[in-house]
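Everything on this sheet refers to the single structure shown next.
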Amino acid sequence: MRRGVELTGFDANAGAVTARTSHGTLRAGWLVGCDGGRSAVRKLAGFEFPGTDPEITCHQAVVEMTGAEDLKVGWTATDTGVYAYGPMPGRVVTVEFDGPPAGRDAPVAPEDLQARLRRVSGVDVTITGVRTATRFTDHARQVTEYRKGRVLLAGDAAHVHSAFGSQGLSLGIGDAMNLGWKLAAVIGGWAPEGLLETYTSERHPVGAWVLDWTRSQVAAMRPDPRSRALREIVSDLAGTVVGTTYLTARLNGGGVRYELPGEHPLTGRSAPDLELTGGGRLADHLHGGRALLLDLTDDPELRALAAGYAGRVDTLTAGCPSRPELAAVLVRPDGFTAWAADAVTRVPAAGLAEALERWFGVPEGAVPPGAAAVRTRAERNSSHRDPEALADVVLRYPACPRVHGQRRAAS
């Protein structure tokens, strides 16, 4: 952790990234831009960043004021915009459809905040003190891809949107969880081919949905008659149990589903926090940052398949009385279900084997596809003690014990 260090540029090639900073150069295998909506990494790398322009100016503040007794608590739409008051004392929000703010970086002046609150609410309040105050707008933009070679983006560096619904935090954490274990697999040398490409294919649609969601929220706030009619209909739906459940799942990210192979309803979804025999829960066994095979029927064949992935996939045998139909669940390190099977029929071990190899590479002791020809060359060169040829094999297949065995024999 190096605080106060500014990135000024970088050079990336097929093998590494050299970053130039205000405190010298750094060399690493990968560069991940998690540097916010005005990301220097995104700009320096030349990521495309299309989207929609802003149309509102919003202020959020905690203030001391007089005349607040006439403000309505909660969100209120008026002919000039929208304002919110509460739930904590002095907290106010104003939304005006007058375009983006002229000075995004300028301090929020108390007199400007007071004028906006009066204009939107119609209440003659007087602000006597400002504890905190920020402004924001609603531009919605997203990079077309989350990776360019050895440079990747996550969080607000990859997508920006309005703060309504507070969805940015869960969206950014979702990016980090998805990318973190995949990048670790690549660095560790056991990632299957194309694993890192799934970062964009899985997370880009989620980000695009959030952007559209925030755009729709702004559309429903507009003070024109059509938007008011739309807001009334959405509010009516939100007042139902089904509507509230749907909106909550969407806002907190719980409704995300990746398009993964497999027909089980859990596949591609965030794994349910199952209550297991012994008093624990599934989440208690995911802190190690590895995948987990949850065996709910004491099936030795399934555990034998996972045994080849020691260090990558943990195994837990337990019962789950609340979900007796489940036989087994394979959970990725980011908490999403990679494979699941029910106990109504014999569990298809082949399906688990495919899922393990798809997400976690070849098991220990297995020969990676295409390694046979390279190994033959290594065997041929070993008689001539060709260390460069052998090193090439080890670098390409670092998790293959047979190749490492040949290296030890040759040395």
Side-chain angles (χ1 to χ4, degrees), residues 173-174 176-196 198-199 202 254 256-258 260-262 264-343 346-366 368 398-401 404:
I173 290 176
M177 290 295 293
N178 191 287
L179 174 60
W181 75 272
K182 294 173 181 177
L183 189 55
V186 172
I187 294 171
W190 55 262
E193 184 177 356
L195 179 65
L196 206 53
T198 65
Y199 172 52
E202 290 181 357
V256 171
R257 182 174 189 178
Y258 300 141
L260 306 186
H264 196 279
L266 290 181
T267 302
R269 295 189 181 277
S270 182
D273 192 15
L274 303 172
E275 186 173 356
L276 307 175
T277 52
R281 308 189 71 90
L282 177 58
D284 299 330
H285 302 276
L286 300 177
H287 297 303
R290 294 176 295 275
L292 175 71
L293 174 63
L294 178 60
D295 171 22
L296 297 172
T297 59
D298 195 11
D299 189 329
E301 185 178 5
L302 299 184
R303 296 197 298 274
L305 287 172
Y309 293 87
R312 289 174 266 172
V313 181
D314 295 336
T315 303
L316 174 66
T317 300
C320 183
S322 63
R323 297 292 296 271
E325 79 282 4
L326 280 178
V329 181
L330 177 63
V331 185
R332 302 190 320 189
D334 59 357
F336 278 77
T337 305
W339 171 88
D342 288 335
R346 185 176 181 275
V347 177
L352 174 60
E354 292 173 1
L356 286 167
E357 189 164 341
R358 173 183 294 274
W359 296 109
F360 311 112
V362 295
E364 292 292 334
C400 184
H404 282 279

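- The side chain to side chain donor-acceptor pair (under 3.5 Å) test applied to Arg358 returns no partner, not counting sequence neighbours.
- Distance check: Leu195 CG to Trp190 CH2 gives 7.0 Å after rounding to the nearest 0.5 Å.
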Expected list for residues 182-189: side-chain donor-acceptor pairs under 3.5 angstrom, two or more places apart:
from   : atom 1 : to     : atom 2 : distance (Å)
Lys182 : NZ     : Asn178 : OD1    : 2.8
Lys182 : NZ     : Thr198 : OG1    : 2.8
Lys182 : NZ     : Glu202 : OE1    : 2.9

Donor-acceptor pairs under 3.5 Å, side chain of residues 315-324 to any protein atom, not counting sequence neighbours: which ones?
from   : atom 1 : to     : atom 2 : distance (Å)
Thr317 : OG1    : Asp295 : OD2    : 3.4
Arg323 : NE     : Glu325 : OE2    : 2.5
Arg323 : NH2    : Glu325 : OE2    : 3.1

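- Considering all non-hydrogen atoms of both residues, Pro300 and Asp298 come closest at CD-O, 3.3 Å.
- Across Leu293 and Ala306, no two heavy atoms sit closer than the pair CD2-CB, 3.7 Å.
- Closest heavy-atom contact between Arg257 and His264: NH2-O, 3.4 Å.
- Heavy atoms only, all atoms of each residue included: Gly351 and Trp339 are closest at C-NE1, 3.5 Å.
- In terms of the side-chain contact (heavy atoms from CB on, under 4.5 Å) criterion, residue partners of Ala338 (sequence neighbours excluded) are, by chain and number, Leu330, Arg332, Trp359.
- Among residues two or more places apart in sequence or in another chain, the salt bridge (Lys or Arg N to Asp or Glu O under 4.0 Å) test is passed with Arg290 by Asp314.
- From Leu274, atom CG reaches atom CG of Leu296 across 7.0 Å, with rounding to the nearest 0.5 Å.
- Within the 4.5 Å cutoff, side-chain heavy atoms of Leu286 are placed close to those of Leu292.
- Residues passing the side chain to side chain donor-acceptor pair (under 3.5 Å) test with Arg281 are Asp273, sequence neighbours excluded.
- Nearest heavy atoms, Pro272 versus Leu282: O-CD2, 3.2 Å.
- Of all non-hydrogen atoms in Thr297 and Ala343, the two that sit nearest each other are CG2-CB, 4.3 Å.
- For the pair His285 and Leu294, the minimum side-chain heavy-atom distance is 4.5 Å or more.
- Applying the ring pair (Phe, Tyr, Trp, His ring centres under 6.0 Å) test to Tyr309 and every residue at least two apart in sequence or in another chain returns nothing.
- Legend: residues meeting side chain to side chain donor-acceptor pair (under 3.5 Å) with Glu275, ordered by chain and number and at least two apart, are absent.
- Residues satisfying the side-chain contact (heavy atoms from CB on, under 4.5 Å) criterion with Ala349, sequence neighbours excluded, are Glu301, Leu302, Leu305.
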